Amino acid sequence: MIKIAPSILSADFAAMGEAIKRLSDWEADWIHFDVMDGNFVPNLTFGPPMCKALRPHTHLPIDVHLMVEHPGDWVESFHAAGADCITFHVEAERHVHRLLQRIRGLGMKAGVVLNPATPVCMAEPVLPYCDLVLLMSVNPGYGGQKFIPETPEKIRALRRSIEARGLACDIEVDGGVNAETARLCVDAGATILVAGNSVFSAEDPKAMVRTLRCGR
Ligand code: DX5
Ligand code: ZN
């Protein structure tokens, strides 16, 4: 089953509570929560207080994508704010193995994120400690960018690596996912698709969520 995780980075920031409630009507599976620090990426978004404010408005799992330096500084506060899953960039953390275990130890799903130029081998040593691996299909920092065409090749390599180890790790893809690129990702072995612009700017977001799931 493919999961669709709309990114609220593309929602109306002045009406976030309403946007969150609509995601269940659209049959989204997760809520993707993009945290940017203006340092690891050239943009700033929101943090644990926003997560805490939104938590009472939805039963959907909140998938926190940390695009920050020192991601370990934030896991306890996101846990307290009601996050269900935390992913962080391997490029931003020296103690990847330790941090994955800390996140899991708090009862959340844990995963690493790889930027487009970071090879799959950077995730391989920690795959047994990951519930998911997030592959960036754009350079992180902004919504509405174009899907990097080499991504499906990377998804395939990661899928092979996960299967060779007999693991059940999800592969999440983030950036430029639309009806066309969703198909490429799913065929390559992705199981969770993040979608910002394609869902929030769709005329019929519910139909778009269904389309992105590629009938699976
Ligand atoms: C990019 C973020 C993405 C982004 C996706 O830095 O991590 O989650 O919001 O937006 P779209 O789907 O519009 O590329
Ligand atoms: Zn993201």
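Numbers for residues simply follow the sequence, beginning at 1. Order of listing sets the numbers, starting from 1, for every ligand and every atom in it. Worth saying up front: this structure is predicted, and the values here are computed from it rather than measured.
Remark: side-chain polar atoms of R104 are not paired, donor with acceptor, to backbone N or O of A110 under 3.5 angstrom. Counting only distance, with no hydrogens or angles, the side chain of D170 and the backbone of T191 share no donor-acceptor pair below 3.5 Å.
Any protein N/O/S atom under 2.8 Å from the Zn ion (ligand 2) was counted, giving 4 altogether.
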Which N/O atoms of ligand 1 sit under 3.5 Å from a protein N/O, and at what distances?
{"from": "ligand 1", "atom 1": "6 (O)", "to": "G141", "atom 2": "N", "distance (Å)": "2.7"}
{"from": "ligand 1", "atom 1": "7 (O)", "to": "D34", "atom 2": "OD1", "distance (Å)": "2.9"}
{"from": "ligand 1", "atom 1": "7 (O)", "to": "H65", "atom 2": "ND1", "distance (Å)": "3.3"}
{"from": "ligand 1", "atom 1": "7 (O)", "to": "D174", "atom 2": "OD2", "distance (Å)": "2.9"}
{"from": "ligand 1", "atom 1": "8 (O)", "to": "H32", "atom 2": "NE2", "distance (Å)": "3.4"}
{"from": "ligand 1", "atom 1": "8 (O)", "to": "D34", "atom 2": "OD1", "distance (Å)": "3.1"}
{"from": "ligand 1", "atom 1": "8 (O)", "to": "D34", "atom 2": "OD2", "distance (Å)": "2.7"}
{"from": "ligand 1", "atom 1": "8 (O)", "to": "D174", "atom 2": "OD1", "distance (Å)": "2.7"}
{"from": "ligand 1", "atom 1": "8 (O)", "to": "D174", "atom 2": "OD2", "distance (Å)": "3.0"}
{"from": "ligand 1", "atom 1": "9 (O)", "to": "S7", "atom 2": "OG", "distance (Å)": "3.0"}
{"from": "ligand 1", "atom 1": "9 (O)", "to": "D34", "atom 2": "OD2", "distance (Å)": "3.1"}
{"from": "ligand 1", "atom 1": "12 (O)", "to": "G196", "atom 2": "N", "distance (Å)": "2.8"}
{"from": "ligand 1", "atom 1": "13 (O)", "to": "G144", "atom 2": "N", "distance (Å)": "2.8"}
{"from": "ligand 1", "atom 1": "13 (O)", "to": "N197", "atom 2": "N", "distance (Å)": "2.9"}
{"from": "ligand 1", "atom 1": "14 (O)", "to": "G176", "atom 2": "N", "distance (Å)": "2.8"}

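Across all non-hydrogen atoms, the minimal contact from I148 to V138 is CD1-CA, 3.8 Å.
Of the charged side-chain nitrogens involved, none lies within less than 4.0 Å of a carboxylate oxygen, so that D63 and K109 do not count as a salt-bridged pair. With respect to R210 and D204, no salt bridge is recorded, no charged nitrogen being found less than 4.0 Å from a carboxylate O.
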Please table the atom pairs, donor to acceptor, closer than 3.5 Å between any side-chain atom in residues 39-52 and protein atoms at least two apart or in another chain.
{"from": "N43", "atom 1": "ND2", "to": "G141", "atom 2": "O", "distance (Å)": "2.8"}
{"from": "T45", "atom 1": "OG1", "to": "D34", "atom 2": "O", "distance (Å)": "2.7"}
{"from": "T45", "atom 1": "OG1", "to": "M36", "atom 2": "N", "distance (Å)": "2.9"}

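By the 30° and 60° cut-offs, the orientation of the rings of Y129 relative to H97 is perpendicular.
Looking only at atom types and distance, the side chain of T181 has a donor-acceptor partner in the side chain of N178 under 3.5 Å away.
Identified under the side-chain hydrogen bond (donor to acceptor under 3.5 Å, both in side chains) test for residues 152-162, with sequence neighbours left out: E124-S161, S161-R165.
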